[in-house]
Amino acid sequence: MDEQKKTYYIDVGTGHITRSATSSTWSYKIQASDQEITELRELFNQNYSTEWKNFFRAHVPYVQYHYDRENDAYDSTIQQVYGMLHKLGDDEAKSHIESMNILPK
């Protein structure tokens with residue numbers, strides 16, 4: 001059974017998802033089902049948790065960025081976020097994400 005898709009406006013920096021184009025700033029316009037929005041919200045929540053781990057890790061001077069699992073986890077999740085936005089986004093969103101070269105080939 002296909003769920004009806006609704007229009008959502010997304011701000012990746014804050015993890016904000018809204019149905020109103022005027023309630024806050026947004027970067028990407030997408031069409032998504034309730035299930036897809038739930039998945040996107042879970043990815044944003046996962047990155048929020050990882051950001052806190054990174055905050056505490058940043059105070060440990062001997063761990064370098066490129067040897068840090070939390071940073072790898074954040075990078076992987078943000079790629080998944082952009083992958084979903086590319087899949088669900090309008091033409092402008094898809095074009096912008098493609099120009100970023102963030103998605104795996």
Are any of the side-chain heavy atoms of [X] and [Y] separated by less than 4.5 Å?
X	Y	answer
I17	F44	yes
V12	I78	yes
Y28	V81	no
K87	E36	yes

#### Entry: Working for side chain to side chain contact (heavy atoms under 4.5 Å, CB included), residues E92 and K29
CA-CA 8 Å; E92 186 178 345; K29 180 179 175 182; over 6 Å; no
With a 6.0 Å cut-off (strictly less than), is the heavy-atom count around [atom1] of [X], excluding the residue itself, greater than 12?
X	atom1	answer
H16	NE2	yes
Q31	CD	yes
K5	NZ	yes
K94	NZ	yes

### Task
With side chain to side chain contact (heavy atoms under 4.5 Å, CB included) as the test, would you mind laying out the steps for I30 and L40 before giving the verdict?
CA-CA 11 Å; I30 66 170; L40 185 60; 4.2 Å; yes
Spacing of [atom1] belonging to [X] relative to [atom2] belonging to [Y], to within rounding of 0.5 Å:
X	Y	atom1	atom2	result
S33	L88	OG	CG	7.5 Å
D34	Y8	CG	OH	5.0 Å
T77	N45	OG1	CG	11.0 Å
H96	L85	NE2	CG	11.5 Å

### Query
Does M84 belong to the same Ile/Leu/Val/Met/Phe/Trp/Tyr cluster as W26, with side-chain heavy atoms less than 4.5 Å apart forming each link?
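Different clusters.
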### Task
Decide whether E39 and Q35 meet the rule of one side-chain donor and one side-chain acceptor closer than 3.5 Å.
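Side chains of E39 and Q35: pair found under 3.5 Å.
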### Query
Given S24 and D11, is the side chain to side chain contact (heavy atoms under 4.5 Å, CB included) satisfied, shown in steps?
CA-CA 9 Å; S24 65; D11 182 29; over 6 Å; no
### Message
Show, in sequence, the C-alpha distance, side-chain angles and deciding distance for D75 and Q79, and conclude whether the side chain to side chain contact (heavy atoms under 4.5 Å, CB included) test is met.
### Response
CA-CA 6 Å; D75 292 346; Q79 263 191 335; over 6 Å; no
### Query
Within the distance-only criterion (no hydrogens, no angle test), does the side chain of R19 pair as donor or acceptor with the backbone N or O of T7 below 3.5 angstrom?
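Checked: pair present.
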